[in-house]
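What follows is one structure encoded as structure tokens, with my remarks underneath.
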Protein chains: 2
Amino acid sequence: MTEPPAHSIWLRPERAARGPVPTFDRDRIAAAGVALADTDGLPAVTMRAVADALGAGPASLYRYVATRDELLELMIDRVNGEISYTELGSGVWLDDLLALARQSRSVHLAHPWLLDATATGTPVGPHAVTYLEHALTALADLDAAPRTKLEAIAILNAVIAALTRAEVTRRLTGQTIPQWQRAQAEYLTRIATAGRHPHLAAALAGQTPGSEDSTEALFDRIVTRVLTGLLGPDDLATPPRS
Amino acid sequence: MTEPPAHSIWLRPERAARGPVPTFDRDRIAAAGVALADTDGLPAVTMRAVADALGAGPASLYRYVATRDELLELMIDRVNGEISYTELGSGVWLDDLLALARQSRSVHLAHPWLLDATATGTPVGPHAVTYLEHALTALADLDAAPRTKLEAIAILNAVIAALTRAEVTRRLTGQTIPQWQRAQAEYLTRIATAGRHPHLAAALAGQTPGSEDSTEALFDRIVTRVLTGLLGPDDLATPPRS
DNA sequence: ATTTACTGCGATCGATGTTCGCAGTCCAGG
DNA sequence: CCTGGACTGCGAACATCGATCGCAGTAAAT
């Protein structure tokens, strides 16, 4: 009766009661995975690669992790631990959430693979729970249903992800690596100028690549507007329709 | 000198000038992939599965598609073609974008795998361009920079995806399929009630599972608030900070 | 000391994306 | 009408990946 632990990895004890002392631990494994992903991207994080980055055999990892997705969960939670909460506690919920968003953004920029890793609806690890708790703390004085607050936080995270993804791809576009971005741009302009898409053509033509806003300022502005739209007073939600 | 076409699939001609008439075409392949994904999920869409759903050999697909990701692009574009634009043209940009968002939502609900397929920053196909054009048309009379409009649309799409993902997982939670949702809920409540997370505990306790709003009404309300926050008048963005 | 439970891991399985080469098919140009 | 070149379908195979199995060694519990 060796019922396998169908639980989440966070509910499973890290060390067993009996048996030899393990050579590694979850932290070292997660660190190795993060290092690999940071330098060579998510696809480079294979079980074998992580294993012999640790100097272990290919099958040894399965003593610590039930599946590759659990390894990704460890990695995600590890970089979520890099978030700092020292700038919170301003007393203004919008400022606190903005600080939180900035922290999340910088983590995503430092670990671009995080965007792909969290893209599939991944369960939340301990550090994500800490993040959630701080966000709810920031909203404690706000008069809104808990459900509304949780939804606002979820949407904030989605917006952060979208903005950061655009930023990452924009950063890579200037470099040498990518191929499909060129193809997409060529395709877009070709389609737009081939008639039948006048507004798109105008929008693409109206792009002024130089003299952009500071990326941080733009990020702040958009996050601010989304948050005020979501959590601001009710009369903002029924605007100039008239 | 058989330089392979490094272009996007949308820039590549579907049929060759010479040679035998192909047995299949991109539409049929995309349809087969969509059918497979609809019934058994995205992982079921393997090259072999699609091939012999079509009655073809495993390697024949590569005459139509350079890689599996291109097959996914075909599938994505195909379901994007299910979007209807008949309810647009109200003259009020918010109503038009809301109608667009509703259409996008229903497509995502009809094809849940779309969430995972578009999660990785995928290039846009012809039908996505049509979608973009309609969104820009709705915003034509609005006084804002093209860049702002494009960003607002991108964020709207991200919000739609987040809301729809929550809806899909909520729908599956009631059923038999998933395992990790239970584990996650158990983990969340255990963590929250184990102290150190008072606001989370309060928020989870404050959930009233019965008497929820209509999902459509909630969707409309959130999308409306996000859009007015993003594209509404400027004085909304500097709120009760006082 | 014996039992029990765990660890590291070589070998291996099954599945998947993709490539190669060949035989057959169809169109363009003469 | 014919012929050459280009394309098609596809069986076979390759590389790689996630995951499993079983065994020898080790540490704690009894």
Side-chain angles (χ1 to χ4, degrees), chain A residues 1-6 9 12-26 28-29 32-33 36-37 40-75 113 116-117 120 179-180, chain B residues 1-6 9 12-26 28-29 32-33 36-37 40-75 113 116-117 120 179-180:
Chain A
M1 181 158 138
T2 341
E3 184 65 20
I9 189 175
R12 218 181 307 144
E14 168 142 20
R15 282 212 44 186
R18 286 201 261 289
V21 26
T23 313
F24 314 103
D25 56 80
R26 289 179 183 170
R28 284 192 56 188
I29 293 177
L36 270 175
D40 294 327
L42 245 208
V45 183
T46 69
M47 298 303 263
R48 294 171 223 266
V50 174
D52 64 53
L54 253 46
S60 303
L61 290 184
Y62 289 94
R63 293 290 172 192
Y64 303 86
V65 145
T67 176
R68 192 186 105 109
D69 283 340
E70 281 195 358
L71 169 63
L72 293 188
E73 274 197 67
L74 289 184
M75 294 167 53
W113 50 267
D116 298 318
T120 73
Q179 318 156 334
W180 62 273
Chain B
M1 180 156 141
T2 343
E3 185 63 24
I9 189 174
R12 218 181 306 143
E14 168 142 22
R15 282 211 45 185
R18 283 198 262 288
V21 27
T23 314
F24 314 103
D25 55 81
R26 290 178 183 170
R28 283 193 57 188
I29 294 178
L36 270 175
D40 294 327
L42 244 208
V45 182
T46 69
M47 299 303 264
R48 292 170 223 267
V50 173
D52 64 52
L54 252 46
S60 304
L61 290 185
Y62 288 93
R63 293 291 173 190
Y64 303 86
V65 145
T67 177
R68 192 186 104 108
D69 283 340
E70 280 195 359
L71 169 62
L72 294 188
E73 275 196 68
L74 289 184
M75 293 167 53
W113 52 266
D116 298 317
T120 73
Q179 318 155 333
W180 61 273

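Within every chain, numbering begins at 1; the chains are lettered A, B, ... in the order of the sequence lines, protein sequences first and strands thereafter.
- When rounded to the nearest whole Å, the span between CD of B:Glu14 and P of D:dT8 equals 11 Å.
- The existence of a salt bridge linking B:Arg26 and B:Glu70 is excluded, since no basic side-chain nitrogen approaches an acidic carboxylate oxygen closer than 4.0 Å.
- B:Ala44 approaches B:Ala49 most closely through the heavy-atom pair O-CB, 3.5 Å.
- Each of D:dC10, C:dG17, C:dC6 was ranked by its minimum atom distance to the side chain of B:Arg68; first place goes to C:dG17.
- The CZ-P distance, from B:Arg12 to D:dC7, rounds to 13 Å in whole Å.
- Regarding contacts with the backbone of C:dC6, every side-chain N or O of A:Arg18 stays at 4.0 angstrom or more from both OP1 and OP2.
- Residue A:Leu54 contributes atom CG, which lies 14 Å from atom C1' of C:dC9 at whole-angstrom precision.
- Atom pair A:Asp69:CG and D:dC17:C1' shows a separation of 13 Å (rounding to whole Å applied).
- Rounded to an integer number of Å, the gap from CZ of B:Arg28 to P of D:dG9 is 11 Å.
- Residues forming a side-chain contact (heavy atoms from CB on, under 4.5 Å) with B:Tyr62 (at least two apart in sequence, or on another chain): B:Met47.
- Where the helix from C:dA1-D:dT30 to C:dG30-D:dC1 starts and where it ends, the local axes point in directions that differ by 10°; five pairs per end, rounded to 10°.
- Remark on DNA chain D: of its neighbouring residues B:Gly55 and A:Val45, the 5'-side contact belongs to B:Gly55, judged by nearest-heavy-atom nucleotide.
- Although no hydrogens or angles enter the test, the distance criterion places a donor-acceptor pair under 3.5 Å between the side chain of A:Asp25 and the main chain of A:Arg28.
- Each of C:dG8, D:dA13, D:dG18 was ranked by its minimum atom distance to the side chain of B:Arg48; first place goes to D:dA13.
- Residues from residues 58-67 of chain B lying near DNA chain C, meaning a heavy-atom separation below 4.0 Å, are B:Ala59, B:Tyr62, B:Arg63, B:Thr67 in numerical order.
- For the pair A:Arg15 CZ and D:dT26 C1', the interatomic distance rounds to 12 Å; values are reported in whole Å.
- One atom, CG of B:Asp52, and another, P of C:dG17, lie 12 Å apart when rounded to the nearest Å.
- In this structure, A:Thr23 and A:Tyr64 approach most closely via the heavy-atom pair N-OH, 3.3 Å.
- In terms of heavy atoms, A:Val45 sits closest to A:Leu71 at CG1-CD2, 4.0 Å.
- Nearest heavy-atom pair across B:Ala51 and B:Pro58 is CB-CA, 3.9 Å.
- In this structure, the CZ atom of A:Phe24 is 16 Å from the C1' atom of C:dC6, given to the nearest Å.
- B:Ala51 comes within 4.0 angstrom of no nucleic acid atom, judged by non-hydrogen atoms across all strands.
- The heavy-atom pair separating B:Gly33 from B:Val50 by the smallest distance is CA-CG2, 4.2 Å.
- Rounded to the nearest 0.5 Å, atoms CG (B:Leu72) and OG1 (B:Thr67) are 8.5 Å apart.
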